[in-house]
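Just below is one structure, and these are the notes that go with it.
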Amino acid sequence: MQFARRRRRGIIGGMYPFAEVESRAQERWRERGAFAAEEKAAGEKFYCLSMFPYPSGRLHMGHVRNYTIGDMISRHRRMLGCNVLQPMGWDAFGLPAENAAMENNVHPAEWTRNNISEMRAQLMRLGLAVDWRRELATCDSSYYRWEQLLIARLFSRGLVYKKTAVVNWDPADKTVLANEQVVDGKGWRSGADIERRSVPMYFMKITAYAEELLADLDSLSGWPSSVLTMQRNWIGRSEGARIKLPLAGRGDSLEVFTTRPDTIFGATFCAVAPEHPLAAECAKKDSRAAQFVADCGRLAVSEEAIKTVEKKGYDTGLRAVHPFDSSRLLPVYVANFILAQYGSGAIYGCPAHDQRDLEFARANGLDVVAVVSPDGKNYEVGEKAHLGAGVMINSGFLNGMENEKAKSAAVDALEKKGLASRETQYRLRDWGISRQRYWGCPIPVVHCEKCGDMAAAEKDLPVTLPETVRAEAGKPLSAALAADESFFRCACPKCGGAARRETDTMDTFVESSWYFARFASHDCNDAMVDSRAREWMPVDQYVGGVEHAVLHLLYARFFHKLMRDAGMYPKEARYAEPFSRLLCQGMVLKDGGKMSKSRGNTVDPQELIERYGADTARLFILFAAPPEQALEWSDEGVRGCSRFLSRLWSAGEEFSQMRKTILDDVRADGNGNNGNDDGILESARREIHQTLAKADYDMNRLRLNNIPSAAMKMLNAMQEFSAQCARGGFASAEKAKAAAALLDEGFGIVLRLLAPAVPHICEALWEKLGFGGTVADAPWPRADEFALAQKQTADVVVQVNGKKRGQVTVAAGADEQTVRAAAEELPAVSRDLSSRAAVRKVIFVPGRIINFVAGD
RNA sequence: GCCGAGAUGGCGGAAUUGGCAGACGCGCCGGUCUCAAAAACCGGUAUUGGAAACAAUGUGAGGGUUCGAGUCCCUCUCUCGGCACCA
C-alpha cells in the first residue's frame, strides 16, 4: 500500500507549524470569548484557582508548572460540562520592588507595573483558559481600599490591635530586616550584627479563631493530609496548666506554663525568656546578667535561629519554691531557648522527661530526677529523656498513678492551693501585620495626641499610597512614608485636631488572603465583594506550591472566616472554608537542585516557547512528573514531547487517509475479499478504551502525568491498528466500515484526552479533521463498557511459594479448580512442586494469580 | 532543633492502593532510508550468569509482618519544603 510510505514522509525532518497553530487557536478563543465566566451560565460551577504570581519580571518554570496544572484541571472540567471560572491576577506589593528601586533607581510602582505587562504577555502566550476580564493587581487602590475598610472595622472591634513585637534591626542601615535578609546574624547588605528591637505593631487576632481553624481542618477532605497535619501542628493546641511558683524571699511568684503537670516533682529548675520581666529586673542589678540578656538580643528573631542556637542560661539568683515541697528551691535561669511569646514566657524544667531540659541540666550541673517510669521501678536517666507514658515514682501523693491520670491530679491539688489553673494554649500567635516598608498597603490608622489611636474614617478611605516618593540607588525606601509629611499629616477623625497617619504598611499576606473572593466580584465598586462571591465561592480547586502550606493558607482561611463574620457570606457549612480542594505542586529542579539565578541553572520559559511552542512546554511539564512531586528538568525530555506532538500532527492526516482508503475499497469491490481481520478490530478498540478508562481514573485523582502517557499509548495502538488495516482487507463491508469508524473514534478520543494539556494543537486538529465545534467545549470521552467487557480470556500468574513459575490463559471467569488444574500442568510448576512437600494451601485471586504454598 | 514530604533501570517516571516491578517518554544499541549525515521509521534495552531456553538477584540501608511487600510496621541514612518580615 502506498499509504505507509506517505506517512513516512510526513512532515519531513521538522516540527509541526506550532507558531501558526497556537496563535490561530488563541485567536479563535479570543473571538469567541471562550473562557469568559458568567454566573448564570449552564452547568455546575467550578472555580479553579492557581496562586497568583508575584510580578518579579519574568515568568519562571515554577509559574509555568503552576498555571499549566491549573489550566489542565480547568479545561478538563469545562469538557465535563462545568461552568468554569479561572482568573488571574498579581500579588503586586512586596519587598523585591523596594530592592529593585535601590538597585536600579526605578520607582517600585513603575517597576511593578512594567513587570506585570511583560508577565501578562508571557502568560497569555501559554494559552491559559483564563477569564482575563477579571485580572487585578493588589497594588491598585481599587483593590486594597477594601482591605483597608475591613481592617478599619476590625480595629474598631478589637480584632486588630496594637502591641510591641520584636524585629530584626540593622543598626548600620537603620532599618528593619526580613528574616531572609539576616544571614548568620548579620545584615545582608551592611554586614552589621543585627539586634532584636521591640517596636509597636498592629496584630490581627487570629488566635480568637484558633479553635475554629483547627476544628474545620477535619472538613477539608480535599486537602493533602500532610498539609492538614502541618496546619494542626502549627496551631499547636495543647492542654496544660499555668502554675504559680512562689519566689523565695519575695511576695510575688513566677508563672510557668506546662503541658506536663504530672512531672512537677521532677522539676529541678526554672527558666524565663530573655524578654521576661524577671530577666530585665535581674539585668538591672547584675551586669553579667545584663550582658547575657544583651547577648541573647543579638540572636535573629526567627524560630529556627532560636531553636538551633547553643542552649545557654544564666542563673538569676532567684529561687522558686516547689509547690508541694517547700524545702525544694528551684534556681531560676534566663535562657536563650525560651520563647517569650509562648505560654507565659517561662517554664519549669523537668530534665528526666524532656530532652531539651535534660541537655540544659547536664550542662549546668542540675539534678535529674525520674518521676515517670515505664515499668514502675526507679531508674537512672541516661542520654535520652523518657518522653513516653508510665507510672509515677518519686512524686509524693502521685506515686503509683498512671502519668496521664497524674496530670489531672497534680493540677487539681495545685488548684486547691490556688496555685494553678487549667489552660489551653496554642502555639499559634497573633498575626503581626505591620511592616516598616514603603511598597505596601497603608494601614488605615490615625494617631491623635488627644484621642489616641483610631481607625481612619471610612469616608477618608482609601488611604492611598503616594507614588511620588523618589527612588534612589542604595537608599532603602522603608522610611519613605514616615518622611512624607503630605502623607502622614491629617486631621483627627474625632476631634478634628492635627493628627498623624500610621506610616507602616501591611504584610503582603493580607492582600493574598482575600484575592480569590475579589476575582468573583472584580468590578464591584461599592464593597469588598458582592453576591457573585457567594455564587463562586468556595474555590473548588486551589493549586499552588507547598511552601504556602502553612502561612498563606492559614491566613487565607482566617480572613475568609472574618469576611463571613462580617456578613459577606452566609453562615452555612458551604462557606466555612475558602478552598475545597488543594493541590500542592512540587518544585522545578535542574541538575538535582532548585532552579535559581544564583545557581545559574535556570531555563527561560520564553525561549522554550519560542523554540518549541507553548504546547510542548505544557506537555513536558505535565508529563515529566506527577504534579505534587519535584520535577527534574530535561532538555531531551522536552525534545521527546515536541516529537510526540509532531507525530500527533501527522497521525491525524494518516488516519483520515486510511479511513478514506478503507471506505473507497468497500465501495469499489464490496470488500470481503481476504478476511484476515480476526479480532484486530476488537482488540484495538479494547486497548483504546482500556487506556481511556485508566486515563479517566488518573484525571480524577489528578495524576496528570499519566494522561499524556495514556494518549501516547493510544496513539501507538492506533498506528499499529492503521498498519494492520494497511496490510489486508476485511472479512465484510460491515467490518471495514467499523474499522474506518474506529480510526475516527480513536483519534477523537486521543484529541479530547490531550486537549486540556495541549489545547492548541488539539484545537487545530479537531478543526482540520472536521469533528465540529471547538475541542475546548467538546465532551470529555467516556470509556465504552462494551468494549472493555469483550475479552474472553484472562492471564493468570502461577506462583509457587510466592515465586512466579509461569502463566496460564483461562476463560474469563474461570474458578479455582479449573485454574489450578491448568496451572499444575505447567512443567515449571510440576517440577517445583514435586521437589517439595505437599501443597499446604492454595491462594487464588480470580483473574490475577494462583499461588501454591508448599513445604520445603 | 521542630514540623511535613521524598528516595524505584543509564535518566524522568508507571504500578488501578498487598497480587506478573519497570507502563509511557528520554537515552543508548542495532537496523531501514541516504553518497554521507541529520530527521523520520522499525526492533532491542533492569542487573548477573548463559549461545539460548532459563535461573538467580533487584524498588535508599537494616530488621519485621504476610502465601505474597515498591506498597504495611520498626530503626537508620541522605535530599527537599516550612518555621511566623521572601512570596
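Order of the sequence lines sets the chain letters (A, B, ...), proteins ahead of strands, with each chain counted from 1.
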Taking atom [atom2] of [N] as reference, at what distance in whole Å does atom [atom1] of [X] sit?
{"X": "A:Lys694", "N": "B:A14", "atom1": "NZ", "atom2": "P", "answer": "9 Å"}
{"X": "A:Gln231", "N": "B:A5", "atom1": "CD", "atom2": "P", "answer": "14 Å"}
{"X": "A:Trp633", "N": "B:G13", "atom1": "CH2", "atom2": "P", "answer": "14 Å"}
{"X": "A:Leu631", "N": "B:A14", "atom1": "CG", "atom2": "P", "answer": "11 Å"}
{"X": "A:Asn705", "N": "B:A15", "atom1": "CG", "atom2": "P", "answer": "7 Å"}
{"X": "A:Arg805", "N": "B:C67", "atom1": "CZ", "atom2": "C1'", "answer": "14 Å"}
{"X": "A:Leu589", "N": "B:A7", "atom1": "CG", "atom2": "C1'", "answer": "13 Å"}
{"X": "A:Arg831", "N": "B:C54", "atom1": "CZ", "atom2": "C1'", "answer": "9 Å"}

Is the gap between the ring centers of [X] and [Y] under 6.0 Å?
{"X": "A:Phe620", "Y": "A:Trp633", "result": "yes"}
{"X": "A:Phe337", "Y": "A:Phe360", "result": "yes"}
{"X": "A:Tyr515", "Y": "A:Phe52", "result": "yes"}

Work out how far the [atom1] atom of [N] is from that of [M], and round it to whole angstrom.
{"N": "B:C26", "M": "B:U79", "atom1": "C1'", "result": "23 Å"}
{"N": "B:G12", "M": "B:G4", "atom1": "P", "result": "27 Å"}
{"N": "B:C28", "M": "B:A46", "atom1": "C1'", "result": "14 Å"}
{"N": "B:U66", "M": "B:C72", "atom1": "C1'", "result": "10 Å"}
{"N": "B:A55", "M": "B:A21", "atom1": "P", "result": "13 Å"}
{"N": "B:C20", "M": "B:G27", "atom1": "P", "result": "30 Å"}
{"N": "B:G81", "M": "B:G25", "atom1": "C1'", "result": "28 Å"}
{"N": "B:G30", "M": "B:C78", "atom1": "P", "result": "42 Å"}

Distance-only polar pair, side chains of [X] and [Y], donor-acceptor under 3.5 Å:
{"X": "A:Thr809", "Y": "A:Asp795", "answer": "yes"}
{"X": "A:Trp431", "Y": "A:Asp507", "answer": "yes"}
{"X": "A:Arg557", "Y": "A:Gln231", "answer": "yes"}

key: Salt-bridge criterion met for A:Glu303 and A:Arg427 (N-O under 4.0 Å)   = yes
message = Regarding A:Arg639 and A:Asp635, does a basic nitrogen lie under 4.0 Å from an acidic carboxylate oxygen?
response = no
Distance test, side-chain N/O of [X] to OP1/OP2 of [N], below 4.0 Å:
{"X": "A:Asn851", "N": "B:U66", "value": "no"}
{"X": "A:Gln629", "N": "B:G13", "value": "yes"}
{"X": "A:Lys803", "N": "B:A55", "value": "no"}
{"X": "A:Arg643", "N": "B:C26", "value": "yes"}
{"X": "A:Arg703", "N": "B:A14", "value": "yes"}
{"X": "A:Lys841", "N": "B:C67", "value": "yes"}

query = When you check the glycosidic angle of B:U65, does it come out syn, meaning within 90° of 0, or anti?
reply = anti
ask   = With syn defined as a glycosidic torsion within 90 degrees of 0 and anti otherwise, which applies to B:G9?
value = syn
Any idea which of [options] is nearest the [X] side chain?
{"X": "A:Asn706", "options": "B:U17, B:G19, B:A14", "value": "B:A14"}
{"X": "A:Asp91", "options": "B:G19, B:A87, B:A23", "value": "B:A87"}
{"X": "A:Pro626", "options": "B:A14, B:G1, B:G4", "value": "B:A14"}

Counting any heavy atom closer than 4.0 Å, what does [X] reach on the DNA or RNA strands: base, sugar-phosphate only, or nothing?
{"X": "A:Ala549", "value": "nothing"}
{"X": "A:Ser226", "value": "sugar-phosphate"}
{"X": "A:Glu628", "value": "nothing"}
{"X": "A:Tyr54", "value": "sugar-phosphate"}

Just the atom pairs and distances: protein N or O near nucleotides 81-86 of chain B's N or O, under 3.5 Å.
unit_1	atom_1	unit_2	atom_2	d
B:C83	O2'	A:Glu303	OE1	3.4
B:C83	N4	A:Glu304	OE1	3.4
B:C83	N4	A:Glu304	OE2	3.2
B:A84	OP2	A:Glu303	N	2.8
B:A84	O5'	A:Asn179	ND2	3.4
B:A84	O2'	A:Arg429	NH2	3.4
B:A84	N6	A:Arg427	O	2.8
B:A84	N1	A:Arg429	N	2.8
B:C85	OP2	A:Arg435	NH2	2.5
B:C85	O4'	A:Arg435	NE	3.2
B:C85	O3'	A:Asn179	N	3.4
B:C85	O2'	A:Asn179	N	2.6
B:C85	O2	A:Arg437	NH2	2.3
B:C85	N4	A:Gln436	OE1	2.7
B:C86	OP2	A:Glu180	N	3.1
B:C86	O4'	A:Glu180	OE1	3.3
B:C86	O4'	A:Glu180	OE2	3.0

query = To the nearest 0.5 Å, what is the distance between CZ (A:Phe509) and CZ (A:Phe559)?
reply = 13.0 Å
A:His548 side, atom NE2; A:Ser512 side, atom OG - distance, nearest 0.5 Å = 8.0 Å
message = Do A:Arg196 and A:Trp169 form a cation-pi contact, if we require the NZ or CZ to be under 6.0 Å from the six-membered ring centre and within 45 degrees of the ring's axis?
response = no
inquiry  = Give me the stems containing RNA chain B, sorted by first residue, counting only three or more consecutive Watson-Crick or G-U pairs with both distances under 3.5 Å; say none if there aren't any.
reply    = B:1-7 with B:77-83, B:10-12 with B:24-26, B:27-32 with B:40-45, B:46-49 with B:54-57, B:60-64 with B:72-76
query = Yes or no on ring pair (Phe, Tyr, Trp, His ring centres under 6.0 Å) for A:Phe644 and A:Phe623, after CA distance, side-chain angles and deciding distance?
reply = CA-CA 12 Å; A:Phe644 169 72; A:Phe623 180 56; 8.3 Å; no
ask   = For RNA chain B, whose closest nucleotide is more 5', that of A:Gln807 or that of A:Asn716?
value = A:Gln807
task = Starting from the 5' end of RNA chain B, give me the residue, A:Val853 or A:Thr229, whose nearest nucleotide shows up first.
result = A:Thr229
query = So, does the side chain of A:Lys713 form a donor-acceptor pair with the base of B:C24 at under 3.5 Å?
reply = no
